[in-house]
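Input: a single structure, listed below in structure tokens.
All values below were derived from every heavy atom in this structure, side-chain atoms included, with hydrogens, water molecules and symmetry-related copies excluded.
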Amino acid sequence: MYKYLFGPIPSRRLGMSLGVDLVPHKVCSLDCVYCEVGKTTELTLARKEYVNVEKIKDEITHYFKNNKNPDYITFSGFGEPTLNVSIDKIIRFIKQNIPTVPVALITNGTLFFEKEVRDSIKNVDLLLPSLDAVTEDVFQRINRPHNKLSSDKYIQGLTDLRKDFKGKIWLEIFILPGYNDTIDELLKLKNEIIEIHPDLVQINTLDRPGTMHNLRGATKVELQQIIDLWNLDNVEVIAKFTDNNEITSFRTEPETVIFETISRRPCTLDDLSKILGLQPNKIMKHISDLEKQGKIETITSSRGVFYRRMN
């Protein structure tokens, strides 16, 4: 079982993605109300080597000696990857040793006001930052940032990033009804999209349980209305992952993969079936074993029963 790697898991944006975790659960600069990983336990802007770089390199080396290549190697997982001051060393290691697999970074984008952070990730192939709010009050409500972060600083960092970064940028905007879907906020988001000038804008909404109750995802109609309001050429809704019959060839330890995945995001039985390429009844045996061990628990939402790591 890997401590810092997870998957490969089917990503709605990146195909089969091998996750790399650079911070412990859950170290982040934000405490977003919708976060599928759970409530932030260490809200910080402090950059340091949260996990040992050499141990991450060892796990990456072991994985690629023993498993099929994924579509992407993706920095994501328990918290904000750019908080790890050694992220540039890991990127350089991957580029030197696994040059055929592209590297993606999923980030909340809050630290790009620091040039050092922008420089540290300049060699990734694909950058997927987030922007959910423009006005300060909405930023505070939906993202619940560290007290030294402001929406202006956040947005300026993303704008400066576009000037420095030569790879592709796919900007994610998470729409949460009742938080950031007023006409005023949406029009201000449009203005910032134009200023940041990403290659692609991807609208997302709630798909798994967040950190607060009574949240709901936007409907397809609501998302389409936002696309129509913006009237931009590079906006799309993040699509569902489509089944891949070859998923079983990636990993051969289903219970390990189940726990690695559930530890980082709640999953339904259907989610896990797609990840592993196994029938639900076979997965339930492993789920039952993990429940008996006290490692996972269930939570019910509008999309069904989710399994998540026991805190």
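- R118 places no side-chain N or O within 3.5 Å of a backbone atom of I121 that could act as its donor or acceptor partner.
- Residues L14 and W170 meet the side-chain proximity criterion, which asks for heavy atoms closer than 4.5 Å.
- Residues V27 and L45 share a hydrophobic cluster, clusters being chains of Ile/Leu/Val/Met/Phe/Trp/Tyr side chains in contact below 4.5 Å.
- A donor-acceptor contact shorter than 3.5 Å links the side chain of Y63 to the backbone of K68.
- Side-chain contact check for Q224 versus I227: some heavy-atom pair is nearer than 4.5 Å.
- Heavy atoms only, all atoms of each residue included: N67 and Y2 are closest at ND2-OH, 3.8 Å.
- Panel note: side chain K168, backbone L126; no donor-acceptor pair is recorded below 3.5 Å.
- The backbone N or O of T41 lies less than 3.5 Å from no partner atom in the side chain of H25, so there is not a single donor-acceptor pair.
- For the atom pair CZ of R13 and CG of N204, the computed distance is 6.5 Å after rounding to the nearest 0.5 Å.
- Between D137 and R141, no side-chain nitrogen of the basic residue sits less than 4.0 Å from a carboxylate oxygen of the acidic one, so the salt-bridge criterion is not met.
- A donor-acceptor distance shorter than 3.5 angstrom exists from the side chain of E222 to the backbone of T219, with no hydrogens or angles considered.
- The minimum heavy-atom distance between G77 and D21, with the atom names listed, is CA-OD1, 3.2 Å.
- A heavy-atom distance below 4.5 Å is found between the side chains of T107 and E80.
- If you chain together hydrophobic residues whose side chains sit under 4.5 Å apart, I203 and I106 never meet in one group.
- Here CD1 of I226 is found 8.5 Å from CD1 of I183. Values are rounded to the nearest 0.5 Å.
- A distance-only check finds no donor-acceptor pair linking the side chain of Y34 to the backbone of L215 [under 3.5 Å].
- At least one side-chain heavy atom of K39 sits less than 4.5 Å from a side-chain heavy atom of D31.
- Counting only N and O atoms by type, the side chains of S86 and E49 include a donor and acceptor under 3.5 Å apart.
- Pairs passing the salt bridge (charged side-chain N to carboxylate O under 4.0 Å, His left out) check and including a residue from residues 89-99, sequence neighbours excluded, read D88-R92, K95-D125.
- Inspection of the D160 and Q156 side chains reveals an N or O donor paired with an N or O acceptor under 3.5 Å.
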Would I155 and V134 count as a side chain to side chain contact (heavy atoms under 4.5 Å, CB included) here? Give the steps.
CA-CA 8 Å; I155 293 167; V134 175; 4.0 Å; yes
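- The same ILVMFWY cluster, assembled from side-chain heavy atoms under 4.5 Å apart, contains both V53 and L5.
- At a cut-off of 3.5 Å, with distance as the only test, no side-chain donor of E136 or S150 sits close to an acceptor on the other residue.
- Residues L22 and P81 come closest through the heavy atom pair CD1-O, 3.9 Å.
- Tested against Y179, the residues D181, I175, L176, T182 include a single side chain to side chain contact (heavy atoms under 4.5 Å, CB included) partner, L176.
- No donor-acceptor pair closer than 3.5 Å links the side chain of N108 to the backbone N or O of S130.
- Between the side chain of N143 and the main chain of L30, no donor-acceptor pair closer than 3.5 Å is present.
- Taking CD of E42 as the start and OH of Y50 as the end, the distance is 5.0 Å to the nearest 0.5 Å.
- To the nearest 0.5 angstrom, L18 atom CG is 9.5 Å from N69 atom CG.
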Working for side chain to side chain contact (heavy atoms under 4.5 Å, CB included), residues I173 and W230
CA-CA 13 Å; I173 296 179; W230 286 347; 3.7 Å; yes
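- Residues T40 and K26 have side chains that bring a donor and an acceptor to within less than 3.5 angstrom of each other.
- Under the 4.5 Å side-chain heavy-atom criterion for Ile, Leu, Val, Met, Phe, Trp and Tyr, V117 and I169 are members of the same hydrophobic cluster.
- Between I283 and L269 the shortest side-chain heavy-atom distance falls below 4.5 Å.
- Contact annotation: the side chain of R47 approaches that of I87 to within less than 4.5 Å [non-hydrogen atoms, C-beta and beyond].
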Could you check I94 against F75 for side chain to side chain contact (heavy atoms under 4.5 Å, CB included), going step by step and ending with a plain yes or no?
CA-CA 12 Å; I94 294 170; F75 295 106; 3.9 Å; yes
Evaluate side chain to side chain contact (heavy atoms under 4.5 Å, CB included) for D164 paired with K122, printing each intermediate quantity in order.
CA-CA 8 Å; D164 297 340; K122 64 185 179 183; over 6 Å; no
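- The CZ atom of F174 sits 9.5 Å away from the SG atom of C35 when rounded to the nearest 0.5 Å.
- When all heavy atoms of S76 and F6 are compared, the closest pair comes out as OG-CZ, 3.5 Å.
- Atom CG of residue L105 and atom OG1 of residue T82 lie 7.0 Å apart, to the nearest 0.5 angstrom.
- L187 places a side-chain heavy atom less than 4.5 Å from the side chain of L229.
- Heavy-atom minimum distance, V51 versus N84: CG2-ND2, 3.7 Å.
- Using a cut-off of 4.0 Å between Lys/Arg side-chain N and Asp/Glu carboxylate O, K188 and E185 are scored as not salt-bridged.
- Shortest non-hydrogen contact noted between L158 and P129 is CD2-CB, 3.8 Å.
- E172 places no side-chain N or O within donor-acceptor distance of the main-chain N or O of L128, the cut-off being under 3.5 Å.
- By the criterion of side-chain heavy atoms lying less than 4.5 angstrom apart, applied directly or through intervening Ile, Leu, Val, Met, Phe, Trp or Tyr residues, L43 is not grouped with V33; the two fall into different hydrophobic clusters.
- In terms of modelled atom types and a separation under 3.5 Å, the side chain of T44 and the main chain of A46 share a donor-acceptor contact.
- Side-chain contact check for V103 versus I98: every heavy-atom pair is 4.5 Å or farther apart.
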